Trainee: 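Below is a structure I'd like to ask you about.
All of these numbers come straight from a predicted model, not from anything done at the bench.
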Amino acid sequence: MEPKERSTDISMQELAALVETAGGEPVGMLIQNRPTPDPHSFIGDGKVAELKEFIEMNDCNLAVFDNELSPSQMRVLSEELGVKTLDRSGLILDIFAQRAQTREGQLQVELAQYKYLLPRLTGMWTHLVRQTAAGGSSPIGTRGPGETQLETDRRHIRRKIQKLEEELASVRKIRSTQRRKREKNSVPIVALVGYTNAGKSTLLNCLTDAGIPANDRLFDTLDTTTRKLRIDELTEVLVSDTVGFIRKLPHHLVEAFKATLEELSYADVLLHVIDISNPDWEEQARVVDELIEKLGAQQTPCIRVFNKCDAYAGILPHGEDIVCLSARTGEGVQELVEKLSAILDRGSRRVSVRIPYSDAGIVDLLNREAAVESIEYTDNGIEAVATVPPEVFGRIKRFIPDYKESKEDWED
């Protein structure tokens, strides 16, 4: 097992917090040190007996494992322990199923659940006898009722997965249409990313008065929330809050949430929110950086936002793309807005132009490539006010009344 997959006191405390988030009450914790997992029961027969005794003494009804269990391990543990057994992935999926509010969020969770369930079907059906006419091993072409049912279920789930993927594809299509519209209107996108419970929703509320419930619990935000923020007289941006990341996030969950998280690769700036009051913040930041890379957004400009600085007594980090703030009190938020403004200052200009009717095609250019405030058709031509990026400015500057090209120092 890779070192980062191993359970530690910190990852077990996080697992206990996940159980609480799902509505359970953690009673006890057990860590087994083995060079490799037991292929049969993951923790070994001795530890299974010890765990079973603990479960009976404390009247527990659920055992949750910090690592992903194979379908056969899950079945063996459920039978041996006599209680429902879940792994970290199953628990996270359960929380996501509780939290998803929008149709898109629900589709994504359902898709992830089916992908999680598919390889685990075999274990569920091994209790059925695979009968054959001859009694012994099953020859080709004579499948018993158990296997037939298994195949039927597999086909049913594959059909469901296909249908969900088609529905999500249409959601993506709508999203890309909205995104193109935003790009046409030159509205920059700022995406909040970070470990779960780092304070992303609190920061979004602080920046935009979004009024999103911000609670001290894991995975409180599942559905992307987007709000407008004006960072200076000319620039308005859209700030998106995304689902929190977590270590050992099931890969099929990352896949299922691509439609939400793909906003990251289209964002103009990422705000990586880090809870500096958490002693494990460096490891949490590494997990987020890895997932950003997985989603192909590592080239996007990124500001590391160290949140909860009011609850931190040590030396605060500093650097060009670092801001230390408290989203709860608002301290340091203005510095973040200024850094955002500096990154997004792409040389756009607000201009007033008068276009003769013989050059009316320029209006199409403005509608396509600029943020148009007004267009008026007069006797003398078309008058427009727009905020234009540098590449468009070069093509329309001749229509700006009284415009003079500024000269360099070396020119006469």
Trainee: Taking the six-membered ring for Trp, are Phe42 and Phe65 parallel (under 30°), tilted (30 to 60°) or perpendicular (over 60°)?
Mentor: perpendicular
Trainee: Does Leu366 reach the side chain of Val353, with side-chain heavy atoms less than 4.5 Å apart?
Mentor: yes
Trainee: Val305 versus Leu336: any side-chain heavy-atom pair under 4.5 Å?
Mentor: yes
Trainee: Short question: side chain of Asn307, backbone of Ala327 - any donor-acceptor pair under 3.5 Å?
Mentor: yes
Trainee: Quick check against the 3.5 Å criterion: does Gln73 have a side-chain atom that pairs as donor or acceptor with the backbone of Ser70?
Mentor: yes
Trainee: Which heavy atom of Phe306 sits nearest to which heavy atom of Cys309, and what is that distance?
Mentor: O-SG, 3.1 Å
Trainee: Closer than 3.5 angstrom, by distance alone: can the side chain of Ser78 be matched with the main-chain N or O of Met74 as a donor-acceptor pair?
Mentor: yes
Trainee: I want to check something: taking the side chain as every heavy atom from C-beta on, are Ile375 and Val372 in contact at a cut-off of under 4.5 Å?
Mentor: yes
Trainee: Sub-3.5 Å donor-acceptor pair from the side chain of Lys200 to the main-chain atoms of Tyr195, do we have one?
Mentor: yes
Trainee: Nearest 0.5 Å please: distance from the OG1 atom of Thr378 over to the CD1 atom of Ile382.
Mentor: 8.5 Å
Trainee: Give, for atom CG of Leu164 and atom CD of Gln106, the distance between the pair rounded to the nearest 0.5 Å.
Mentor: 11.5 Å
Trainee: So Asp87 and Tyr116, side chain to side chain donor-acceptor pair (under 3.5 Å) or not? Walk me through it.
Mentor: CA-CA 11 Å; Asp87 57 12; Tyr116 176 78; 2.6 Å; yes
Trainee: Quick one: does Gln32's side chain have a donor or acceptor within less than 3.5 Å of a partner on Ile43's backbone?
Mentor: yes
Trainee: Are any of the side-chain nitrogens in Asp310 or Arg328 under 4.0 Å away from the carboxylate oxygens of its partner?
Mentor: yes
Trainee: So that I can tick it off, tell me whether Lys308 and Asp275 are bridged by a salt bridge, with the cut-off set at under 4.0 angstrom between side-chain N and carboxylate O.
Mentor: yes
Trainee: Taking atom OG1 of Thr300 and atom NE2 of His272, what is their separation to the nearest 0.5 Å?
Mentor: 13.5 Å
Trainee: Run the side chain to side chain donor-acceptor pair (under 3.5 Å) check on Ser89 and Glu68 step by step: do they pass?
Mentor: CA-CA 6 Å; Ser89 296; Glu68 191 150 337; 3.0 Å; yes
Trainee: Side chains of Leu271 and Val190: does their closest heavy-atom pair fall under 4.5 Å?
Mentor: yes
Trainee: If you measure from CD on Glu373 to OG on Ser352, what distance do you get to the nearest 0.5 Å?
Mentor: 8.0 Å
Trainee: I'd like to check Leu325 versus Glu335 (side-chain heavy atoms, cut-off strictly below 4.5 Å). Are they in contact?
Mentor: no
Trainee: Using 0.5 Å steps for rounding, measure from the CG atom of Leu340 to the CG atom of Leu229.
Mentor: 7.5 Å
Trainee: Just by modelled atom types, is the Phe54 backbone N or O under 3.5 Å from a matching donor or acceptor in the Asn58 side chain?
Mentor: yes
Trainee: Do the side chain of Glu56 and the main chain of Leu81 share a donor and acceptor less than 3.5 angstrom apart?
Mentor: no
Trainee: Between Lys339 and Glu320, is there a donor-acceptor pair closer than 3.5 Å when you use the side chain of the first and the backbone of the second?
Mentor: yes
Trainee: Between Glu167 and Lys163, does any NZ, NE, NH1 or NH2 come within less than 4.0 Å of an OD or OE carboxylate oxygen?
Mentor: yes
Trainee: Any ion pair linking Asp359 and Arg395 (charged N to carboxylate O, less than 4.0 Å)?
Mentor: no
Trainee: How many angstroms lie between atom CD of Glu14 and atom CD1 of Ile10, to the nearest 0.5 angstrom?
Mentor: 9.0 Å
Trainee: Tell me whether the count of non-hydrogen atoms from other residues, nucleotides or ligands lying under 6.0 Å of CD in Gln298 goes above 12.
Mentor: yes
Trainee: Taking NZ, NE, NH1 and NH2 as the nitrogens, is one of them in Glu110 or Lys160 under 4.0 Å from a carboxylate oxygen of the other?
Mentor: yes
Trainee: Are the side chains of Asp241 and Leu203 in touch, meaning some heavy atoms are under 4.5 Å apart?
Mentor: no
Trainee: Is the shortest heavy-atom distance from the side chain of Leu62 to the side chain of Val83 under 4.5 Å?
Mentor: no
